[in-house]
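Notes to accompany the following structure.
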Amino acid sequence: MKKIKSGKMASQYYQEMQESFRNNNKSREFPAHTAKVHSVAWSCDGRRLASGSFDKTASVFILEKDRLVKENNYRGHSDSVDQLCWHPTNPDLFVTASGDKTIRIWDVRTTKCVATVNTKGENINICWSPDGQTIAVGNKDDVVTFIDAKTHRSRAEEQFKFEVNEISWNNDNDMFFLTNGNGCINILSYPDLKPIQSINAHPSNCICIKFDPTGKYFATGSADALVSLWDVEELVCVRCFSRLDWPVRTLSFSNDGKMLASASEDHFIDIAEVETGEKLWEVQCDSPTFTVAWHPKRPLLAYACDDKEGKYDNNREAGTVKLFGLPNDS
């Protein structure tokens, strides 16, 4: 009986979202940078979108109804801004990770850099703990540094013997996850950073990881072009999504945890229904997609592509941020 019930609920959600996207499937692009955009992220209240770029800057936009209005450009890094993220509960603070061996914390109220923290290597990934107290940053030498968000001092540093890709805390803040080049998910206890488990998740490089807002699942994307969905409690794979043909670079769960967007060098972003694995929609792109992020309250998806590689848009400036899910008549 249970199965039929959940099937019904899923199909109702499926129908509702299909209907919603039929009426709201417009994408719009907004100039953000002078070079390609590596990372986009929404503030916790959904009022702002930040982007980090190869042009060494971060940009912040304010979401006004159906458009993004550029608020500010943040300069200070001397190398590419590879990833950024917002404070989990303070909508005014975000942090950037750069190849210049620093991370910088910014406050949108003063538009200034609140802190510059020197690190040992070229930083490529960053995340903020759910309790807001710690920032973890990973570098090209597979060192992950845990930085106190208040004192800006290093709390711990771990050197790994494998290629570290993306890093994330679980929603409960008591475990720390890493995806690695051997296709594994490594799980450490937090804060003592003792190895708990290593899961053989994919036959090839495991690239990205995201937790859903409800805390029920996390998803990983791999060089084998598969997205796998994992039960957080059981640490078992419950389903795979296999509509992409290229390595999965980026993932994002919708605010209700019911949709999962995934993207790669394929010229579309796949939007799947989490509970059934069915395709809800696909967002057409002219080029590979580097980063996707669902809005924390609405079915709006921010994303950025490698603008230079399109067939017919070579003359356009790279560095735009795109927004999907806008009303067709907007």
Side-chain angles (χ1 to χ4, degrees), residues 3-30 32 37 40-42 46-47 49 61-69 210 212-214 216-217 219 221 225-227 229 239-246 248-307 310-313 320-330:
K3 270 189 178 160
I4 296 169
K5 191 176 173 202
S6 70
K8 257 189 182 165
M9 281 164 63
S11 66
Q12 187 184 342
Y13 181 80
Y14 184 85
Q15 286 162 355
E16 283 168 11
M17 287 319 298
Q18 286 252 301
E19 180 64 24
S20 170
F21 288 142
R22 268 196 290 275
N23 300 319
N24 303 278
N25 63 31
K26 188 170 176 178
S27 280
R28 196 180 268 173
E29 56 182 55
F30 304 90
V37 177
V40 292
W42 294 98
R47 279 197 63 220
L49 180 79
F61 294 84
I62 289 183
L63 178 64
E64 285 185 6
K65 249 173 59 188
D66 296 324
R67 64 196 185 111
L68 291 170
V69 178
K210 277 288 179 296
D212 95 64
T214 70
K216 187 177 178 186
Y217 298 119
L226 292 176
V227 174
L229 184 75
R239 137 174 348 104
C240 273
F241 307 84
S242 57
R243 284 181 290 272
L244 297 168
D245 289 326
W246 290 86
V248 183
R249 293 181 176 186
T250 175
L251 297 165
S252 181
F253 281 97
S254 57
N255 65 310
D256 57 8
K258 291 180 177 176
M259 292 188 287
L260 179 61
S262 53
S264 63
E265 287 178 49
D266 290 274
H267 287 193
F268 68 91
I269 298 166
D270 183 73
I271 298 178
E273 182 178 26
V274 169
E275 286 301 343
T276 62
E278 284 189 65
K279 179 171 83 175
L280 271 171
W281 205 263
E282 62 179 45
V283 182
Q284 295 302 318
C285 310
D286 296 328
S287 52
T289 302
F290 292 120
T291 175
V292 295
W294 282 109
H295 188 274
K297 292 175 179 161
R298 295 167 56 187
L300 274 180
L301 186 73
Y303 62 103
C305 303
D306 189 357
D307 300 330
K311 298 186 290 287
Y312 42 78
D313 55 0
T320 58
V321 166
K322 298 175 174 66
L323 205 51
F324 162 78
L326 300 170
N328 296 352
D329 54 11
S330 66

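- Contact record, Ala41 with Ala293: CA-CB, 4.4 Å, taken as the closest heavy-atom pair.
- To the nearest 0.5 Å, atoms CG (Leu68) and CG (Leu323) are separated by 5.0 Å.
- Residues Phe241 and Leu229 meet the side-chain proximity criterion, which asks for heavy atoms closer than 4.5 Å.
- The distance from the NE2 atom of His267 to the CD atom of Glu282 is 12.5 Å, given to the nearest 0.5 Å.
- For Phe21, the ring-ring contact (aromatic ring centres under 6.0 Å, His included) criterion is met by Trp281, Phe324, not counting sequence neighbours.
- Counting heavy atoms from C-beta on, the side chains of Pro288 and Arg249 come closer than 4.5 Å.
- The two atoms that bring Val248 and Leu226 nearest to each other are CG2-O, 3.7 Å, heavy atoms only.
- Remark: Arg47 CZ to Glu64 CD distance equals 9.0 Å, nearest 0.5 Å.
- With hydrogens and angles disregarded, a donor-acceptor distance shorter than 3.5 Å links the side chain of Arg28 to the backbone of Asp66.
- The shortest non-hydrogen separation linking Leu244 to Ala263 is CD1-N, 4.0 Å.
- Shortest non-hydrogen contact noted between Ala32 and Phe61 is CB-CZ, 3.6 Å.
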Before you tell me yes or no, could you show the steps for Ser27 and Tyr303 under side-chain hydrogen bond (donor to acceptor under 3.5 Å, both in side chains), namely the whole-Å CA-CA distance, both residues' side-chain angles and the distance that decides it to 0.1 Å?
CA-CA 10 Å; Ser27 280; Tyr303 62 103; 3.0 Å; yes

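- No side-chain heavy atom of Asp286 sits under 4.5 Å from any side-chain heavy atom of Cys305.
- Taking all atoms of both residues into account, the shortest heavy-atom contact from Met259 to Tyr13 is CG-OH, 3.4 Å.
- Considering Leu63, Leu300, Val321 in turn, Val321 is the only one that fulfils the side-chain contact (heavy atoms from CB on, under 4.5 Å) rule with Leu49.
- In this structure, the side chain of Tyr14 engages the main chain of Lys279 through a donor-acceptor pair within 3.5 Å.
- In this structure, CG on Asn25 lies 11.0 Å from CD on Gln18, to the nearest 0.5 angstrom.
- Proximity of Pro299 to Asn24: side-chain heavy atoms (C-beta onward) are nowhere separated by under 4.5 Å.
- Within the 3.5 Å criterion, the main-chain N or O of Asp306 finds a donor-acceptor partner in the side chain of Ser287.
- Between Asn255 and Arg298 there is no side-chain heavy-atom pair separated by less than 4.5 Å.
- At a threshold of 4.0 Å, the pair Glu273-Arg239 does not count as salt-bridged, since none of the basic side-chain nitrogens sits closer than that to a carboxylate oxygen.
- For the salt bridge (charged side-chain N to carboxylate O under 4.0 Å, His left out) condition, the pairs that include at least one residue of residues 15-24, sequence neighbours left out, are Glu19-Arg22.
- When atom types are taken as modelled, the side chain of Asn23 and the backbone of Asn328 share no donor-acceptor pair closer than 3.5 angstrom.
- Evaluation of the salt bridge (Lys or Arg N to Asp or Glu O under 4.0 Å) rule for Asp266 yields no partner, not counting sequence neighbours.
- Of the inter-residue distances, the one linking Arg243 atom CZ with Asp270 atom CG reads 4.0 Å to the nearest 0.5 angstrom.
- Here the closest non-hydrogen pair linking Ala261 and Ile269 is CB-CG2, 4.2 Å.
- Between Phe268 and Thr289, every side-chain heavy-atom pair lies at or beyond the 4.5 Å cut-off.
- Between the CG atom of Leu260 and the CH2 atom of Trp294 there is a distance of 9.5 Å, given to the nearest 0.5 Å.
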